[in-house]
Structure formats: C-alpha cells, structure tokens
Amino acid sequence: MTNYEDLFKKVIAHCKEYGFVFQSSEIYDGLSASYDYGPNGIELKNNIKDYWWKSMVNINENIVGLDAAIFMHPNTWKASGHVDAFNDPLIDNKDSKKRYRADTLLENYISKIEAKIEKDCLKAAKRFGQAFDRKKFVSTNKRVLARQAEINNLNEKIHTHISSGNLSAIKSLIEDLDIKCPVSGTSNWTDVRQFNLMFKTQIGAAKSADLYLRPETAQGIFVNFLNVQKTSRMKIPFGVAQVGKAFRNEIIARQFIFRMREFEQMEMQFFVRPGEEIKWYEYWKNTRMKWHKSLKMGNENYRFHDHENLAHYANAASDIEFKFPFGFKELEGIHSRTAFDLKSHQKYSGKKLMYFDQEINKSYTPYVVETSIGLDRMFLAVLTNSLCEEEVGNGEMRTVLKIPPLLSPLKAAILPLTKKDGMPEKARKIMQDLQIDFNCQYEEKDSIGKRYRRQDAIGTPFCVTIDHQSLEDNTVTIRDRDTMIQKRVSATSLRSIISEKVNFAKYLY
Ligand code: ATP
C-alpha cells in the first residue's frame, strides 16, 4: 500500500470511529458517494461555514447573503447552459465493465509525465546541491523540455476535441496513447458518450416539465440579482453569498467526500462594472488564497492552477488547489463569468436584469466574478492535513488531530480528576460558565490520560482538569493539545486563554 492510500484509509477510519463522517444508509450497506456527518463532523462543518460567512459577508459591507431554493424553474437551467452543456465525456472498458471520464483518463496520463519532470528535477537537485536552479533547469534541460512539449501538445488536443465535442477524436487519442484500464489492464474501450450530470425529477402528481436538482448554487443568486440589489440598496461593486447543497450525477464518485453526488458549496457572486472584471478577478483570487493560508495549514500545500480551457461563460478562471493525500486537486474555483448568466436569464425570462450606475450615469448588465468552494472538500482538506500520529515518550504513541483551533468541534474538555470530593460539581460550574461562548464537553469517565487521548483524537485544543487544589483556590490545569504543556491557571482566566486561540480576529488575514 502506498503512503497516500495508507493515510487516506486512516482518515476514513478515523472519521467513522470518532463521529465525523459515516457512510450514508450504512445499515443497508451504504449508498455510494453519499455520506452523513456525525456529531463532531457537523461541528467542524459548521465552523468552516461560519469562518467563510464571517470573512465574506460579515466583514464586507458590500457583500450580503441569500438562501435560494434548491428547486428552480426549469428554464433556469436552459438559460445557464446546463441542459445543453453540463456533460462529462464517459467511456467504458469492455473487459472490466468499469466506467471512466474520458478527460480524466487523459489528465491522469499527463500527470504521469508531470511526475517524471518532478523526478528529473529531484535527481538534478541532488546532483547540483545548493547550486541547483529549478527555473533554469526546467527551461534548458532537453529531456524536461521534450516532456513539457508533449504535455502542451496533449493539452491543446484535449481542449480542441472537448470544446468541439469531437468524441471520436477523444477516443482515438486514448487509443493512440495506449491508455489502459487500471483494473483489466486492457485497452478494449467503448465509444465515448456525453453524459449530463444533472439529476432530473418531477413536481407534484400532474404531468409537468422536468425539474432538476440544482448542480450549483450560483443560479439562485443570478435570478435574484435585482431582488437583492434593490432591497439591500447595494451599489456596484457588490457581492451576494450563499451556502447550500448542490447535486451532480458524477460518473465516478471516489475518494471519499472529495467527489460526491450530493455536496455543499459556499459561493459568492461579485457584480462589477463591465471592463473591471479582471481587476476584481485578481483581487478575489488573492483574497481567497489569503483566507486559506490564514488557517496555517502549510503555505506549501496551496497553489493556483490557471485554466487554459475556459467554460463557455468565462473569460478567466483559476483553481486554488490543495495538496490532498492523492496530490494537488481543486479545492476552490475563482471564475470571471462575464455577463453571460445575467444576459441569458434576461433573454429567457424577458425581464430586465440591468443596473443603473449613478456614478457614470449609465445602465448596463453587470459582469460577475465568482468564488466557489466545496464545503466537503474543505472539510477533507482540514482532516487530511490535521491527522497525525506522534510519539509522546516511553515509546507511547498518540493520535492527534491538529485542526486549526478556530475550526475544532470542541474548544475545551472539562475534566474532574475524580468523580468524588466535589470535583464534578466544581467542573460542572466551570463548564456552565464556558459553554455560553465555546462548545465544551464534560467528561468524567476513565483515567485523565485516556480522556486526554480521546480529546486529542477529535482535535480539542484545550483540556481543563479540576483537582483537589481547584476546590481550595479556584485554580485548574489547562493542557495545550499541540505542545501537551500543562499550566496551572485561575479558573477565571479560562475564557480569555481559550478565546486567544479560537477567536475569529486572530485568524483573519
Ligand atoms: P471538478 O473539476 O473537481 O469536477 P468543478 O470544476 O466541476 O470540479 P466547480 O463547478 O467549479 O467544480 O465547483 C466549485 C467547487 O465545488 C469545487 O472547487 C469543489 O470544491 C466543489 N465540488 C464540485 N464538484 C464536487 C463534488 N462532486 N463533490 C464535492 N465537491 C464538489
């Protein structure tokens, strides 16, 4: 088993054992790519949501919130282009009967060439030592240049074939590159077909038009553009933010909660003057990257991936990628969506979606810059980055989730040393005092050591122990999750010590 498979298996097992994530309908053997969030999972998820909402809505005077319905008028999806173009090209291997996204098979092939370039660089770095100049090496080394040229050539072909919908050319490319099914090892492929990712359903008993479960939350914002702008008296530039479920009938939904069929998005659509969209696109790219880095999960774990193949509605797009155990993958997308959506809804609905800009005395259809992050992917990023096992002396190991304390499900565990001599009563009092501000847990079962381990495993930043001395002088010991250092402090100072670590203001960029 590779290191990554090993870590990933541990994360999944940990999620189940400690009530973060369960397989959906597990007693019926589960439903693939659907997951339920347990008691600790929902706290972590809510904390991520809360941090995003505060950073986007509460501290920006020109961003307001919305909660639109999941069901929308069917014309919404014709206008947005999803009925015609929200497709993935799929291909089956006739021997293994496994189904793949044709573009993913090609992208994986490219990733292998990229990995070879990395290997070349590592080797050269070893050979040249301190004098190694990566930039120079990749721009002059013949072998690397040839590999890069192959990548560029393939990217161009993929882009051309996908954007022109030339499915037989995509199949030929897979055959020419001799890409094999990882399960059967053969290249006995079916033709490539388009597959629409939207889930269809019907409303009520009468025969009516098909409804779709929304595949993105953004359209709820576009159709409400004027409702929100007028009622909140927003002036351009302004944004509308929304958190909610989205549904996509993904061809292959693997990698735990990385790719699900039902997931949650946190999106913000920022309306700007035409011609100013690229300035705002750059602004949001940087602002969102700062947000991620503010959580201190390692700056080296993030990178931008600017798109060369743009969606039909975009004039610029970039992903913020995170280093998951299975490599750098998209965590958030920042897209300059032009005026495509508003103009299209205008056309399909016959209603004007224009804005009168008093400053320049002009009416126009605003341009839009979107930031779109998957809540479940963010959850997975936090968990995979935080889970570690470390030695704590005497050969003993502990499993600890080093979650950014702001996001931890619990902020403090309140632990009476024993169940007698008035310690539980004192601990309960401290708990009552703290739980108004912080999510805390009272625990009296098992030895203190065992209780520490349980709290480490769910990422609680502080353990507060109440002992005999506490009854006499109102002091307690507070143990830090990461350093394991214990300090004796006055119970009255607990609020400010905990707040210092979990306060929103401490994180914000
Ligand atoms: P991908 O290329 O991984 O399919 P995408 O480019 O289609 O993603 P967007 O449409 O830009 O994704 O959606 C915005 C965000 O929503 C993504 O960055 C991701 O975090 C999240 N997301 C998209 N699809 C899924 C899914 N099936 N499961 C979980 N999260 C998802």
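Every number for a ligand or one of its atoms is a count from 1 in the order of the listing.
Residue contacts with ligand 1: Ile257 is placed with no nitrogen or oxygen under 3.5 Å of a nitrogen or oxygen of the ligand (distance criterion only). Residue Asp376 has no N or O atom closer than 3.5 Å to an N or O atom of ligand 1. Ligand 1 has a nitrogen or oxygen under 3.5 angstrom from a nitrogen or oxygen of Leu331. Considering backbone and side-chain N/O atoms, Arg377 comes within less than 3.5 Å of an N/O atom of ligand 1.
Here CD1 of Ile373 is found 7.5 Å from CD1 of Ile320. Values are rounded to the nearest 0.5 Å.
Seen from the ring of Phe328, Arg303 counts as a face-on cation partner, given the 6.0 Å and 45° thresholds. Geometrically, Arg288 engages Trp291 in a cation-pi contact defined by less than 6.0 Å to the ring centre and at most 45° from the axis. Geometrically, Arg377 engages Phe258 in a cation-pi contact, judged by NZ or CZ lying under 6.0 Å from the ring centre and within 45° of the ring axis. The cationic group of Lys323 does not satisfy the cation-pi geometry with Tyr302, failing either the under 6.0 Å distance to the six-membered ring centre or the 45° limit from the ring axis. Within the cation-pi definition used here (under 6.0 Å to the ring centroid, within 45° of the axis), Lys45 does not qualify as a partner of Phe379.
Looking at atom 21 (C) of ligand 1, its nearest protein heavy atom turns out to be Gly374 CA, 3.6 Å. Nearest protein heavy-atom neighbour of atom 4 (O) of ligand 1: Arg259 NH1, 2.8 Å. With respect to atom 28 (N) of ligand 1, the closest heavy atom belonging to the protein is Met260 N, 2.9 Å. The protein atom (non-hydrogen) at minimum distance from atom 16 (O) of ligand 1 is Gln265 NE2, 3.4 Å. Regarding atom 14 (C) of ligand 1, its nearest protein heavy-atom neighbour is Ser372 OG, 3.0 Å. The protein heavy-atom contact nearest to atom 10 (O) of ligand 1 is Arg248 NH2, 2.9 Å.
When each atom of ligand 1 is checked for a heavy atom of His335 under 4.0 Å away, the hits are 11 (O). Set against the non-hydrogen atoms of Glu250, the atoms of ligand 1 under 4.0 Å away are 24 (N), 26 (C), 27 (N).
Ring geometry for Tyr283 versus Trp280: interplanar angle over 60°, hence perpendicular rather than tilted (30 to 60°). The aromatic rings of Phe225 and Phe238 lie parallel to each other, with less than 30° between the two planes, well short of the 60° mark. Taking the six-membered ring where the residue is Trp, Phe222 and His345 present tilted rings, their angle falling between 30° and 60°.
Counting non-hydrogen atoms of neighbouring residues, nucleotides and ligands closer than 6.0 angstrom, the NZ atom of Lys157 reaches no more than 12 such neighbours.
Assignment of Glu216 to the shell around ligand 1 is not supported, since no heavy atom sits closer than 4.0 Å. Remark: distances from the non-hydrogen atoms of Lys329 to ligand 1 are all 4.0 Å or more.
Heavy-atom proximity to atom 24 (N) of ligand 1, evaluated over Phe258, Phe263, Phe247, is greatest for Phe263. Nearest-heavy-atom check against atom 17 (C) of ligand 1 across Glu332, Arg261, Glu330 picks out Glu330.
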Test salt bridge (Lys or Arg N to Asp or Glu O under 4.0 Å) on Asp120 and Lys116; report intermediate values, then the result. CA-CA 6 Å; Asp120 292 337; Lys116 282 183 189 160; over 6 Å; no
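Neither the backbone nor the side chain of Glu267 comes within contact range of ligand 1; no heavy atom lies under 4.0 Å.
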